[in-house]
Amino acid sequence: MAKGYLANKERLNEISNLGKAVGKRAGFKCEWCESREDLRLWDYKPDEPPVTDFLALLCEKCRGWAAGGKYESNELHAIRNALWSDVPAVAEGAARVMAGCKEAWIREAIEESFIADAVKSAILK
């Protein structure tokens, strides 16, 4: 158990060290909805080594959605622009949240995004 604890602590330190770079990239606002409230790093691929492309700066509401929280379909308009980010944690993360809603405009927005076709197919299946 101590080994897992130490590995997790080390990972959190690595993520923390990348926080400044991610914050600068994000303009110190939520990379999905552009809120400036309660921002924290979100780890898109927790099983991969931490790199800035797999981290996003998100507000509390967006982190909740990323964790599977409930939303109204009209709320997702706020994160639609994130689909055109060149950062996987931002674009793919937002697409995965949005894909949970089956409205036509969401599918269309994901299909039009710059996300890799293989990832789009997996998200939209």
Side-chain angles (χ1 to χ4, degrees):
M1 183 154 136
K3 189 174 184 179
Y5 172 79
L6 291 176
N8 184 54
K9 187 173 180 172
E10 187 175 301
R11 179 177 180 75
L12 292 176
N13 284 335
E14 290 177 40
I15 289 171
S16 179
N17 290 337
L18 297 171
K20 193 174 208 176
V22 174
K24 272 184 153 178
R25 177 190 74 204
F28 300 98
K29 59 186 175 190
C30 178
E31 291 185 278
W32 286 3
C33 75
E34 300 188 354
S35 169
R36 294 189 181 273
E37 301 298 317
D38 193 21
L39 300 174
R40 296 210 182 112
L41 289 175
W42 172 67
D43 193 358
Y44 173 56
K45 294 196 175 186
D47 296 332
E48 301 285 330
V51 294
T52 57
D53 278 355
F54 295 158
L55 299 172
L57 189 63
L58 300 181
C59 67
E60 180 180 23
K61 176 177 65 175
C62 291
R63 286 192 317 274
W65 292 343
K70 301 227 185 268
Y71 51 80
E72 297 291 324
S73 60
N74 63 336
E75 291 179 295
L76 296 179
H77 286 284
I79 67 171
R80 182 179 184 168
N81 288 340
L83 295 174
W84 284 271
S85 173
D86 60 351
V87 178
V90 177
E92 295 172 19
R96 289 183 190 283
V97 167
M98 294 175 73
C101 183
K102 301 300 180 196
E103 290 198 24
W105 70 267
I106 291 175
R107 182 175 189 85
E108 184 179 310
I110 294 171
E111 287 173 349
E112 292 174 358
S113 73
F114 299 137
I115 298 170
D117 289 336
V119 176
K120 282 184 203 178
S121 294
I123 290 170
L124 293 172
K125 66 177 177 177

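In this chain, residues are counted from 1 in sequence order. Atoms considered below: every heavy atom in the structure, side chains included; atoms not considered: hydrogens, waters and symmetry mates. All values reported here derive from a predicted model rather than from experimental measurement.
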- Task: Please work out which of the three classes, parallel, tilted or perpendicular, describes the rings of Trp105 and His77, given edges at 30° and 60°.
- Result: parallel

- Begin from the C-alpha positions of Leu57 and Leu41 and carry the test side-chain contact (heavy atoms from CB on, under 4.5 Å) through to its verdict. CA-CA 5 Å; Leu57 189 63; Leu41 289 175; 4.3 Å; yes

Starting from [Y], can I reach [X] by hopping between I/L/V/M/F/W/Y residues whose side chains sit under 4.5 Å apart?
X: Leu76; Y: Leu124; result: yes
X: Leu58; Y: Tyr71; result: yes
X: Val51; Y: Val22; result: no

- Item | Asp38 and Arg63 ion-paired at < 4.0 Å | yes

Output the distance between atom [atom1] ([X]) and atom [atom2] ([Y]), rounded to the nearest 0.5 Å.
X: Glu60; Y: Glu37; atom1: CD; atom2: CD; result: 10.0 Å
X: Met98; Y: Arg107; atom1: CE; atom2: CZ; result: 13.0 Å
X: Asp117; Y: Glu111; atom1: CG; atom2: CD; result: 10.0 Å

Can you see which heavy atom on [X] is nearest to which on [Y], and at what distance?
X: Ser73; Y: Glu103; value: OG-OE2, 2.5 Å
X: Asp53; Y: Val87; value: O-CG1, 3.6 Å
X: Leu55; Y: Glu31; value: O-OE1, 4.2 Å
X: Ala95; Y: Ile115; value: CB-CD1, 3.6 Å
X: Val119; Y: Arg96; value: CG1-NH2, 4.1 Å
X: Tyr44; Y: Ala89; value: CB-CB, 3.6 Å

- Within a radius of less than 6.0 Å around CD of Glu75, do more than 12 heavy atoms belonging to other residues, nucleotides or ligands occur? yes

- Taking atom CD of Glu48 as the centre, report whether more than 12 heavy atoms of other residues, nucleotides or ligands fall under 6.0 Å from it. yes

- Message: side-chain contact (heavy atoms from CB on, under 4.5 Å), that's the test. Do Lys102 and Ile106 meet it? Break it down for me.
- Response: CA-CA 7 Å; Lys102 301 300 180 196; Ile106 291 175; over 6 Å; no

- Across all chains, not counting sequence neighbours, the side-chain contact (heavy atoms from CB on, under 4.5 Å) partners of Lys61 are Cys59, Trp65

- Who passes ring pair (Phe, Tyr, Trp, His ring centres under 6.0 Å) against Phe54, sequence neighbours left out? none

Answer yes or no: is there a donor N or O on one side and an acceptor on the other, between the side chain of [X] and the main chain of [Y], under 3.5 Å?
X: Ser113; Y: Ile110; value: yes
X: Trp32; Y: Ala78; value: no
X: Asn8; Y: Gly4; value: no

- Less than 4.5 Å apart, any side-chain heavy atom of Ile15 and any of Arg11? yes

